[in-house]
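Here is the structure we will look at, set down as structure tokens.
Index from 1, following the sequence. Everything numeric in this text was worked out from a predicted model, so none of it was measured. Note that ligands are numbered from 1 as they come in the structure, with each ligand's atoms numbered from 1 the same way.
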Amino acid sequence: MVEQIVIYRAPTAEADTEAIADWLEAHVDASVSVRDRFLDVHRTDDLAERFAEARVQSPHEFSTGNTMLGTVRYEERALDDPEREGGVLYDGIGIQRALNEALPAAERELDAVHVPVLDRAIGTWGEHDGRWHKRVSVLGQPALISVPGLYEAPAKPEAYYEEQQRHALLSGDTPPREVLENQVEGEFLVADDPRTTDALKGYVLQAVHYLETGEPFCERNSCRLFNAHYHEELIEAQLREPAFCAEHAAMYGAST
Ligand SMILES: [Zn+2]
């Protein structure tokens, strides 16, 4: 039984962890608390090296890591100053293992779920297609939630990629993201989207649901526990009524 949920802030991200905690408290039978950034609260000496080891080097290459001194220094600076990080994809499983080990032993019990909200991009390796895939979350202990993943992991509408290709053919380069976001019909979340906090609520609940039941996701696409692969599905599952399917409304309440 999950009795305690601890959510950690992501200071540089457009995510209101207090609002997420309030929402969860109204929907689950556990105590919910918010702490500062996980990487500050549970900082250990080897964390910079662990981040360096988890760096994805190439989208099609399984092996990760670069522990050259300069890279470790970069990771140290990024840990000290979250404004300085960005543009790097990390192996989510490697980061999860590192953060699990960084948790004090007394806090690693499964009656508490730790949910670091991260301003880093994380991915998992796809055995079936031999490449890395960005993720919104990596469930387990701790359960990682990636704010950049919310914008970048689910596929955007077809028109977005068509417009990207059309622009590349005409001008030989990729259009600025803002241009695409203004020109493309269809719904998707953009970086720092004002709907970020609302969309993340369901992802945090998935982390709790997984430790409670062993099942991370719901098959019904209108439910907040649905595993969306497209932005349009994400919006349907997280931002439109109803919040839950009948089965999960019975567990987590029918309110929004
Ligand atoms: Zn459901």
Side-chain angles (χ1 to χ4, degrees), residues 1-8 10 14-34 92-93 96 110-118 122-124 126 128 133-157 186-189 193-256:
M1 274 301 280
V2 174
E3 286 170 7
Q4 208 192 332
I5 302 159
V6 186
I7 306 172
Y8 296 84
E14 171 69 41
D16 181 346
T17 37
E18 271 77 8
I20 295 171
D22 288 347
W23 181 86
L24 267 182
E25 195 129 58
H27 290 85
V28 297
D29 192 17
S31 78
V32 187
S33 56
V34 174
I93 305 292
Q96 182 179 53
L110 289 183
D111 62 354
V113 192
H114 296 265
V115 187
V117 179
L118 300 173
I122 52 176
T124 55
H128 60 292
H133 296 265
K134 285 186 182 168
R135 297 285 174 206
V136 188
S137 63
V138 174
L139 304 182
Q141 178 76 295
L144 312 183
I145 304 285
S146 163
V147 182
L150 185 72
Y151 313 128
E152 297 164 18
K156 300 214 167 59
E187 285 198 283
F188 52 97
L189 297 188
D193 199 288
R195 298 168 289 180
T196 299
T197 297
D198 217 17
L200 286 175
K201 291 169 180 170
Y203 286 90
V204 180
L205 182 63
Q206 287 172 6
V208 177
H209 185 72
Y210 178 58
L211 289 191
E212 282 279 357
T213 66
E215 286 170 19
F217 305 119
C218 175
E219 309 255 290
R220 300 169 200 99
N221 64 359
S222 63
C223 183
R224 278 208 187 246
L225 299 179
F226 183 71
N227 183 22
H229 290 94
Y230 295 89
H231 270 268
E232 281 142 327
E233 293 176 337
L234 185 164
I235 287 166
E236 175 67 32
Q238 300 302 342
L239 303 172
R240 296 220 174 97
E241 299 289 326
F244 299 108
C245 68
E247 182 193 344
H248 293 122
M251 290 177 79
Y252 299 116
S255 67
T256 57

Completion exercise
Taken to the nearest 0.5 Å, the spacing of D16 CG from D198 CG works out to 10.5 Å

Fill in the blank from the handout: For the Zn ion (ligand 1) the protein N, O or S atom count under 2.8 Å stands at 4

Exercise for the section: List for me each residue that meets ring-ring contact (aromatic ring centres under 6.0 Å, His included) alongside H248, sequence neighbours excluded, and say none if there are none. Expected result: H209

Practice task
Name all pairs fulfilling the salt bridge (Lys or Arg N to Asp or Glu O under 4.0 Å) condition that reach into residues 209-222, sequence neighbours left out, sorted by first residue then second.
Solution key: R220-E247

Fill in the blank from the handout: With sequence neighbours left out, the residues meeting ring-ring contact (aromatic ring centres under 6.0 Å, His included) with H133 are H128

Exercise for the section: Enter the distance from L239:CG to R224:CZ here, rounded to the nearest 0.5 Å. Expected result: 6.5 Å

Problem - Donor-acceptor contact below 3.5 Å, side chain Q4 vs main chain V113 - result: no

